[in-house]
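Okay, structure first, notes after.
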Amino acid sequence: MDSKKAISFSKGLLQSEELYQYVLETSVYPREPEPLRELRMLTATHPRAMMATAPDAGQLMAMLLTLVNAQKTIEVGVFTGYSLLLTALSIPEDGKHGNEGSFDFAFVDADKVNYWNYHERLMKLLKVGGIVVYDNTLWGGTVALSEESTPENKKASRQFIIEFNKLLAADSRVQISHAPLGDGITICRRIY
């Protein structure tokens with residue numbers, strides 16, 4: 001198996017490696033900018049490569065950035081910078097910094113214990129209509145498993161993710177959608 005396949009399937013929740021490869025090869029890789037491809041391949045050699053943003057999730061984020069015409073963005077947790085570079089390549093040249101109520105887009109892929117704290121702060125920073133994307137919200141599929149069935153290395157953060165997902169579901173300030181891309185992403189659009 002070539003390194004592109006080994007890297008990509010480790011990030012997917014699809015049950016078939018072949019189907020995940022098909023998705024990547026027919027829609028993600030042909031449109032992935034060269035700097036992102038280079039960074040993805042370099043990141044694949046890192047001992048903690050599984051922490052990187054999945055390229056299929058990145059493709060959706062790039063579309064969301066374009067759809068909201070994002071100019072002011074926030075990133076919390078960037079590992080080797082794939083999502084940050086993706087954002088920089090997706091926003092217009094005149095993107096700028098701002099204050100509360102002025103950000104168009106945020107991406108969070110940091111310590112799971114603080115996801116709700118990040119969310120509360122982002123609800124002040126994002127403008128109405130702004131989007132925040134949270135990574136790893138399906139936590140390798142373990143959110144649907146029993147505690148006993150959850151692998152030991154996933155247990156510590158699993159409960160934080162489950163609680164975070166419940167809080168988001170009850171948060172009337174946002175419209176939400178789970179997307180089973182990468183390790184699961186939740187897209188939230190601030191509605192007031």
Side-chain angles (χ1 to χ4, degrees), residues 11-13 27-28 31-33 35-36 39-40 43 51-140 143 157-192:
K11 293 298 291 180
L13 290 172
S27 68
V28 179
R31 295 170 181 258
E32 184 178 45
L36 284 175
L39 182 56
R40 179 176 50 79
T43 300
M51 292 175 48
T53 301
D56 55 333
Q59 183 184 46
L60 178 60
M61 286 177 21
M63 182 182 289
L64 292 171
L65 284 157
T66 303
L67 287 172
V68 299
N69 192 26
Q71 297 193 24
K72 297 179 185 178
T73 66
I74 302 169
E75 296 251 353
V76 181
V78 294
F79 188 47
T80 63
Y82 185 90
S83 61
L84 186 61
L85 179 57
L86 177 134
T87 300
L89 292 171
S90 298
I91 63 175
E93 289 291 325
D94 61 347
K96 51 194 176 295
H97 303 290
N99 294 315
E100 288 195 1
S102 65
F103 285 87
D104 303 302
F105 185 89
F107 178 66
V108 180
D109 185 13
D111 55 317
K112 309 316 173 212
V113 66
N114 280 307
Y115 265 29
W116 188 252
N117 294 329
Y118 298 136
H119 182 72
E120 286 296 333
R121 182 65 181 133
L122 288 169
M123 288 302 98
K124 294 176 183 155
L125 293 172
L126 282 175
K127 68 181 185 181
V128 172
I131 291 178
V132 59
V133 175
Y134 295 97
D135 203 5
N136 309 113
T137 55
L138 296 178
W139 204 238
V143 294
S157 293
R158 175 184 171 271
Q159 198 55 45
F160 292 114
I161 293 295
I162 289 171
E163 185 60 29
F164 177 68
N165 288 338
K166 288 178 185 175
L167 290 168
L168 280 182
D171 187 351
S172 62
R173 299 171 294 180
V174 294
Q175 176 184 19
I176 67 170
S177 178
H178 273 293
L181 301 169
D183 192 24
I185 62 173
T186 301
I187 305 161
C188 300
R189 184 175 74 82
R190 183 176 171 209
I191 55 178
Y192 71 84

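On a predicted model such as this, the values are computed, not experimentally measured, just so you know. For the single chain, residues carry numbers from 1 onward in sequence order.
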Polar side-chain atom of [X] near backbone of [Y] as donor-acceptor pair, under 3.5 Å:
X	Y	answer
K112	A110	yes
E32	P55	no
N136	D183	no

Separation of [Y] [atom2] from [X] [atom1] (nearest 0.5 Å):
X	Y	atom1	atom2	answer
F103	L122	CZ	CG	9.0 Å
I185	D109	CD1	CG	11.0 Å
D135	L181	CG	CG	10.0 Å
I176	I191	CD1	CD1	10.5 Å
I131	L67	CD1	CG	7.0 Å
D171	K166	CG	NZ	16.0 Å

Does the side chain of [Y] come within less than 4.5 Å of [X]'s, by heavy atoms?
X	Y	answer
I187	M61	no
N69	D104	no
V133	F105	yes
H178	N165	yes
V68	L64	no
T137	L168	no
V174	M123	yes

| message | Against F164, only a single residue in W139, Y118, Y134 fulfils ring-ring contact (aromatic ring centres under 6.0 Å, His included); can you say which? | response | Y134
To check you understand the geometry: which heavy-atom pair defines the closest contact between [X] and [Y], and what is its length?
X	Y	answer
A54	G182	CB-CA, 3.3 Å
T53	G58	CG2-N, 4.2 Å
A179	L60	CB-CD2, 4.5 Å

| task | Evaluate the side-chain contact (heavy atoms from CB on, under 4.5 Å) criterion for residues K124 and R190: first the C-alpha distance (whole Å), next the side-chain angles of each, then the deciding distance (0.1 Å), finally the verdict. | result | CA-CA 10 Å; K124 294 176 183 155; R190 183 176 171 209; over 6 Å; no
